[in-house]
Amino acid sequence: MSIIETQVTVTLPDGSKRSVDAGTTCADLAKAISPGLYRSAVGAVINGEIGDLYTTLCDGDCVRILTKDNPESLELLRHSSAHVMAEAVQKLFPQAKIAIGPTIEDGFYYDFEIPDHALLPEDLSKIEEEMRRIIKDNQHIVRYQIPDVEKQMKEFVRQGEKFKAELLEEHKDESPTLYLMQDQSGKVVWNDLCRGPHLPNTGHIKIFKLLKVAGSYWRGDEKREQLQRIYATAFWRQSDLDEYLKRLEEAERRDHRRLSKQLDLFSVHDEVGPGLIFWHPNLATVRAIIEDFWRAEHRKHGYQFVYTPHIANEELYKISGHLENYGENMYSAMDIDGLPYRAKPMNCPGHIMIYKSKLRSYRDLPIRMAELGTVYRYERSGVLHGMLRVRGFTQDDSHIFCTPEQLEGEINGILDLMDLMMKTFGYTYKAYLATRPEKYLGTEEQWQAATGALEAALKSRQLNYEIDEGGGVFYAPKIDIKLFDAIGRAWQGPTIQVDLNLPKRFDVSYIAEDGKRHQTVMVHRTVLGSMERFCGGLIEHYAGAFPTWLAPTQVVILPISDRHWDFALKIHNILHVKDIRVSVDDRSETINYRIRDAQVQKIPYMLVVGDKEVELNEIAVRHRHQGDLGTMSLDTFIKRLADEIAERK
RNA sequence: GCCAACGUAGCUCAGCGGUAGAGCAGCGGUUUCGUAAACCGCAGGUCGUGGGUUCAAAUCCCACUGUCGGCUCCA
């Protein structure tokens, strides 16, 4: 053994340099800086990468010691918690084989194959209990570079850890490491093939919770082994966990399926089929108003409206390539006069038919065709979800036909419209530019031109965007917009695609100034997505309390007793002719009961009318959120209401 | 499609081998009320569908169907 004693120099976060003995670990460094830092240290960031606390420092390293006050340390906490969970599961279910256990946003999971047991929710508390024991043991978590990969491989095979063996085989040339769990005597009680990093010991884990069991596939591939997954989370502070659980509860409270029952919004029927939505009057009202708004804004932005058939000879989808590339999502053919017809899965071929119905000149372009087009797509039964994932839906679909020179301007126009829509509904958003994937159609120049136009438009309006390298579809680069709702959840939003495929397949062209035929540039875009998904999302975004301009019922009049009915009816009629959605609740229930009912129905305004109001010819106004607003004249109220509706608040 | 759980009155749920129960909603009365649930009564279910086990099935078993969570976040 010949350890050469030398010094290495490292840089600390404040920029200062420190000279330490070679072989010094981050832990030693922390101890040298201050005993307090050492006690609270759980890891380190070395040259920008999170690492173990016991990582040996190299000359020139930039080091920052991580404590639980650093947000990055949650990664360590959760990753180590995943190991503890896996150790607990294998202790309780010796047949369990471990797959992978990464950290994810808000927590972590671990996948297992347990041949002799299906995990039940009840098992979670048992596993938690076992985890607590492991944590109490304060096992050391030690990084161990595998000296002999072949030997370790055999060991995994002997243990039946086939997933770990497969992973080791895959990473054998990357100096693979195990993370060992050692008890206080130094005995290795558990290990996992893992690249780390991890906490120095299990004692740091205090606040964790197993959340749910779920199914998954090894490597996400449905042809491979079906695994059982446990989702869980861990935090440093109880208050953080409480807050997280509260967020989950809030999401549940806003669930559109739950609110639908309470507010009578939509239904799905076994007799009819899954994924097919029935819009009840309340939600149909909301939709109709959104559609009116949508039409008005599209008209302003130079769109023309079209309607296309819901079924078509499948020849159309052969030409478009949908049958070939999208056939799995299309419903099977029906026989009409001996010819196969299909329910339409997309609106684009139909719009192209309209475009191609006559010769187009460059002077005609751009042509912006818009349709609230209902389409039917086969979605696998397991993915259906309320209104958010369905089999029949109406897209706010548009196709823009233009010249290459017009493309950037058109993208800009779409972004304008999108921005207006999102602001109106109170969403914030973020843009992603998805570029050419590995498999693609068209030429490199076409991709460059199309992607360039998309990016130029984003840049010109100084919109913040991220590049999603290779994230485009095979026939088009695109801009995807991600929405963030009232509680910060992300939703799939508008999308803009420059199609490099259909114009060619359908020979979509125009006559240019040079008198020659040129291929038309075609852009697909949707701003709301589908009415189903958008309205479903809106329900959750607003927690069922639609803003006044959208509310199915905007005002309910509550006469105190039946001698006030005439007055109530008079108010009702005045509001009704002003196009206010108003009703009178003259049920023989107490006023408190009817107020409560209106509150639960989230009706924006309640007008209470009794002796005082009749005498003064006024109304007592109650707002669903602000409560009693006092008495005012009907004119004052109408003005307030009209302003609110005009402002779409 | 696959794995797991679930399906009882309009809604939320209890019952888990002896032939179905509550609260709310609904309907009929009484009450005529001042800012989040008045009182009394009535009615409502072939317990998702089909088959099996049993003297007896909502309850146990099988199949189907639907709902719900998950199946991308790489050792």
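Small disclaimer: the values here were computed from a predicted structure and weren't measured. Chain letters run A, B, ... following the sequence lines, proteins first and then strands; every chain starts at 1.
Using P as the reference atom, B:rC27 and B:rG44 are 16 Å apart when rounded to the nearest Å. Remark: the separation of the C1' atoms in B:rA75 and B:rU8 is 48 Å, to the nearest Å. Here, B:rC33 and B:rA37 have their C1' atoms 14 Å apart, quoted to the whole Å. Rounded to a whole angstrom, the distance from the P atom of B:rG69 to that of B:rC6 is 16 Å. Spacing between B:rG10 and B:rU53 at atom C1', rounded to whole Å, works out to 35 Å. Comparing the same atom, P, in B:rG7 and in B:rA43 gives a spacing of 28 Å after rounding to whole Å. Distance check on atom P: B:rA9 versus B:rU59 gives 15 Å, rounded to whole Å. A distance of about 22 Å separates the C1' atoms of B:rU35 and B:rC24, rounded to the whole Å.
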Show the atom names and distances, to 0.1 Å, of all donor-acceptor pairs under 3.5 Å that link a side chain in residues 431-438 of chain A to residues at least two apart or in another chain.
from     : atom 1 : to       : atom 2 : distance (Å)
A:Thr435 : OG1    : A:Glu469 : OE2    : 3.1
A:Thr435 : OG1    : A:Gly470 : N      : 2.8

Determine all donor-acceptor pairs shorter than 3.5 Å in which one atom belongs to a side chain in residues 474-484 of chain A; sequence neighbours excluded.
from     : atom 1 : to       : atom 2 : distance (Å)
A:Tyr475 : OH     : A:Gln497 : OE1    : 2.9
A:Lys478 : NZ     : A:Asp480 : OD2    : 3.1
A:Asp480 : OD1    : A:Thr495 : OG1    : 3.0

Counting only pairs under 3.5 Å, give me each side-chain donor-acceptor contact of residues 89-103 of chain A, with atom names and distances, residues two or more places apart or in other chains.
from     : atom 1 : to       : atom 2 : distance (Å)
A:Gln90  : OE1    : A:Trp190 : NE1    : 2.7
A:Gln90  : NE2    : A:Ala96  : O      : 2.8
A:Gln90  : NE2    : A:Glu161 : OE2    : 2.7
A:Lys97  : NZ     : A:Gln159 : O      : 3.3
A:Thr103 : OG1    : A:Glu75  : OE2    : 3.1

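Rounded to a whole Å, the NE2 atom of A:His269 is 14 Å from the C1' atom of B:rU67. Taking atom CD of residue A:Glu271 and atom C1' of nucleotide B:rU67, one finds them 14 Å apart after rounding to whole Å. Here the C1' atom of nucleotide B:rA75 and the NZ atom of A:Lys172 are 15 Å apart, to the nearest Å. As rounded to whole Å, 10 Å separates atom P of B:rU67 from atom CG of A:Leu276. Taking atom CG of residue A:Asp123 and atom P of nucleotide B:rC3, one finds them 18 Å apart after rounding to whole Å. Residue A:Leu120 contributes atom CG, which lies 9 Å from atom C1' of B:rA5 at whole-angstrom precision. For A:Tyr144 and B:rA75, the OH to C1' distance is 17 Å, given to the nearest whole Å. Across the protein-nucleic acid pair, A:Lys612 atom NZ and B:rU35 atom P stand 9 Å apart, rounded to whole Å.
A salt bridge does not link A:Glu174 to A:Arg195: none of the charged side-chain nitrogens sits closer than 4.0 Å to a carboxylate oxygen. At a threshold of 4.0 Å, the pair A:Asp106-A:Arg247 counts as salt-bridged, since one of the basic side-chain nitrogens sits closer than that to a carboxylate oxygen. Ion pairing of A:Arg254 with A:Glu250 is present here, as a side-chain N (NZ or NE/NH1/NH2) and a carboxylate O approach within less than 4.0 Å. Comment: A:Glu615 does not engage A:Lys612 in a salt bridge, judged by the lack of any side-chain N to carboxylate O separation of less than 4.0 angstrom. Under 4.0 Å is where a charged nitrogen must lie from a carboxylate oxygen, and between A:Glu243 and A:Lys246 no such pair does.
For A:Arg377 and A:Tyr331, the positive end is not near the middle of the six-membered ring at less than 6.0 Å and at most 45° from its axis.
Summary of the strand contacts: A:Asp562 and A:Tyr110 both lie near RNA chain B, and taking for each the nucleotide with the nearest heavy atom, the more 5' one is attributed to A:Asp562. In terms of position on RNA chain B, the residue among A:Ile595 and A:His79 whose nearest nucleotide sits closer to the 5' end is A:Ile595.
In this entry B:rA4 has no Watson-Crick or G-U wobble partner, no candidate having both defining distances under 3.5 Å. Both distances falling under 3.5 Å, in either a Watson-Crick or a G-U wobble arrangement, place B:rC27 opposite B:rG41. Using Watson-Crick or G-U wobble geometry with both donor-acceptor distances under 3.5 Å, B:rU53 finds no partner in any strand shown. Remark: B:rA22 base-pairs with B:rU12; criterion is Watson-Crick or G-U wobble with both hydrogen-bond distances under 3.5 Å.
No donor-acceptor pair under 3.5 Å is formed between the side chain of A:Gln228 and the backbone N or O of A:Phe112. Judged by distance alone, the side chain of A:Arg594 and the main-chain N or O of A:Asp585 form a donor-acceptor pair under 3.5 Å. With hydrogens and angles ignored, the 3.5 Å screen pairs no side-chain donor or acceptor of A:Arg391 with any backbone N or O of A:Tyr378. Distance alone, capped at 3.5 Å, places no donor-acceptor pair between the A:Arg143 side chain and the A:Pro197 backbone. Between the side chain of A:Asp255 and the backbone N or O of A:Arg257 there is at least one donor-acceptor pair closer than 3.5 Å. Not a single donor-acceptor pair under 3.5 Å links the side chain of A:Gln554 to the backbone N or O of A:Tyr605.
Residues satisfying the side-chain hydrogen bond (donor to acceptor under 3.5 Å, both in side chains) test with A:Ser633, not counting sequence neighbours, are A:Thr636. A search for side-chain hydrogen bond (donor to acceptor under 3.5 Å, both in side chains) contacts involving A:Thr526 returns A:Asp396, not counting sequence neighbours. For A:Ser80, the side-chain hydrogen bond (donor to acceptor under 3.5 Å, both in side chains) partners two or more places apart in sequence, or in a different chain, are A:His198.
Using a 4.0 Å heavy-atom cutoff across all strands shown, A:Gln228 reaches no nucleic acid atom at all.
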> Do A:Leu199 and A:Leu77 pass the side-chain contact (heavy atoms from CB on, under 4.5 Å) test, and can you show the C-alpha distance, the side-chain angles, and the key distance before you say yes or no?
Replying inline: CA-CA 6 Å; A:Leu199 298 173; A:Leu77 171 67; 4.1 Å; yes

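For A:Glu613, taking side-chain heavy atoms from C-beta onward, the closest of the listed nucleotides B:rG34, B:rA75, B:rA4 is B:rG34. Candidate nucleotides B:rU67, B:rA75, B:rG34 were compared by shortest atom distance to the side chain of A:Ile591, and B:rG34 ranks first. Ranking B:rA75, B:rC33, B:rG1 by closeness to the A:Arg563 side chain, first place goes to B:rC33.
How far CG of A:Leu607 is from CD1 of A:Ile619: 4.5 Å, rounded to the nearest 0.5 Å.
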> What string of B, S and - do you get for nucleotides 68-73 of chain B, 5' to 3', if B is base contact, S is sugar-phosphate-only contact and - is no contact with any protein heavy atom under 4.0 Å?
Replying inline: SBBBSB

> Base, backbone or nothing for each nucleotide of nucleotides 37-51 of chain B, written B, S, -, heavy atoms under 4.0 angstrom, 5' to 3'?
Replying inline: BB-------------

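Sorted by residue number, the members of residues 151-164 of chain A with any non-hydrogen atom under 4.0 Å from RNA chain B read A:Lys164. Of all the residues in residues 615-624 of chain A, A:Ala620, A:Arg622 reach under 4.0 Å from RNA chain B with at least one non-hydrogen atom. Non-hydrogen atoms lying under 4.0 Å from RNA chain B are contributed by nothing in residues 468-485 of chain A.
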What does the list of N/O pairs under 3.5 Å between the protein and nucleotides 11-13 of chain B look like, with a distance for each?
from   : atom 1 : to       : atom 2 : distance (Å)
B:rU12 : OP1    : A:Lys261 : NZ     : 3.2

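Residues A:Arg587 and A:Asp597 have side chains in contact (heavy-atom distance under 4.5 Å, counting atoms from C-beta outward).
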